[in-house]
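Keep in mind that this is a model prediction, so the values were computed, not measured. We count residues from 1, following the sequence as given.
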Amino acid sequence: MKIIEGSLKLNGSEKVAIVVSRFNSIFTKELVDGALDAFKRSGGDEANLTLVYVPGAFEIPLTVQKLAESARFDAICALGAVIRGSTPHFDYVSAEATKGIASVSLKSGIPVAFGVLTTNNIEQTIERSGSKAGNKGFEAMCSVIEMINVLKEI
């Protein structure tokens, strides 16, 4: 039996983009810090990392699509924070960001990690952006790195 699995090591030549929402930047900054930490710890070369800021989570899928179409990147890490409020806006934004990001990954064949927090309140957002529930930016970058390596083996 042949088993294919990715490692969390980069050789330094991989080109990765991070797309991050400015909205809720107090949290998304922490997600970016986590993603950068994972990239560097895994042997990534910062010269091959591109950071793209967009206004909000709704704008992430189009940006991810344009980056994927450029054929300049081995993978893309999408980061953002959508916090439920008292209107249905949360449902629309989180659903469209999720569908859009997944669609780009499937159509392009490029790994795209979903690191967009979709939380019910600020406490959950704090927990997931670097406190007791870990840093989902770090985890999303680890997913990107592992998928780069899985796809190399297929």
Does [atom1] in [X] sit with more than 12 non-hydrogen atoms of other residues, nucleotides or ligands closer than 6.0 Å?
{"X": "R84", "atom1": "CZ", "value": "yes"}
{"X": "F58", "atom1": "CZ", "value": "no"}
{"X": "I122", "atom1": "CD1", "value": "no"}

Applying side chain to side chain donor-acceptor pair (under 3.5 Å) as the test, list every pair that has at least one member in residues 44-54; sequence neighbours left out.
none
So how far is it from [X] [atom1] to [Y] [atom2], rounded to the nearest 0.5 Å?
{"X": "C142", "Y": "E139", "atom1": "SG", "atom2": "CD", "answer": "7.5 Å"}
{"X": "L117", "Y": "E127", "atom1": "CG", "atom2": "CD", "answer": "11.0 Å"}
{"X": "K15", "Y": "S70", "atom1": "NZ", "atom2": "OG", "answer": "11.0 Å"}
{"X": "S42", "Y": "N11", "atom1": "OG", "atom2": "CG", "answer": "12.0 Å"}

[X] versus [Y], closest heavy-atom pair with distance:
{"X": "A113", "Y": "A140", "answer": "CB-O, 3.2 Å"}
{"X": "M141", "Y": "A35", "answer": "CG-O, 3.4 Å"}
{"X": "S21", "Y": "P55", "answer": "OG-O, 3.7 Å"}
{"X": "V144", "Y": "I76", "answer": "CG2-O, 3.5 Å"}
{"X": "E59", "Y": "G56", "answer": "OE1-N, 2.8 Å"}
{"X": "L67", "Y": "A17", "answer": "CD1-CB, 3.9 Å"}

With a 4.5 Å cut-off on side-chain heavy-atom distances among I, L, V, M, F, W and Y, is there a chain of contacts connecting [X] to [Y]?
{"X": "V52", "Y": "I101", "value": "yes"}
{"X": "L49", "Y": "L10", "value": "yes"}
{"X": "V112", "Y": "V19", "value": "yes"}
{"X": "L51", "Y": "L79", "value": "yes"}
{"X": "L36", "Y": "V20", "value": "yes"}

For K9, what residues pass the side-chain contact (heavy atoms from CB on, under 4.5 Å) criterion, not counting sequence neighbours?
S7
With sequence neighbours left out, write down each residue that passes side-chain contact (heavy atoms from CB on, under 4.5 Å) with Q124, or none if nothing qualifies.
T119, N120, N121, R128
Test item: [X] and [Y] side chains (from C-beta on) under 4.5 Å apart, heavy atoms:
{"X": "E146", "Y": "L8", "answer": "yes"}
{"X": "K29", "Y": "V32", "answer": "no"}
{"X": "F23", "Y": "T28", "answer": "no"}
{"X": "F27", "Y": "I126", "answer": "yes"}
{"X": "N149", "Y": "K152", "answer": "yes"}
{"X": "N24", "Y": "T125", "answer": "no"}
{"X": "F39", "Y": "I18", "answer": "no"}
{"X": "I110", "Y": "F73", "answer": "no"}

Side-chain ([X]) to main-chain ([Y]) donor-acceptor, under 3.5 angstrom:
{"X": "E153", "Y": "L151", "answer": "no"}
{"X": "S103", "Y": "K99", "answer": "no"}
{"X": "D74", "Y": "V16", "answer": "no"}

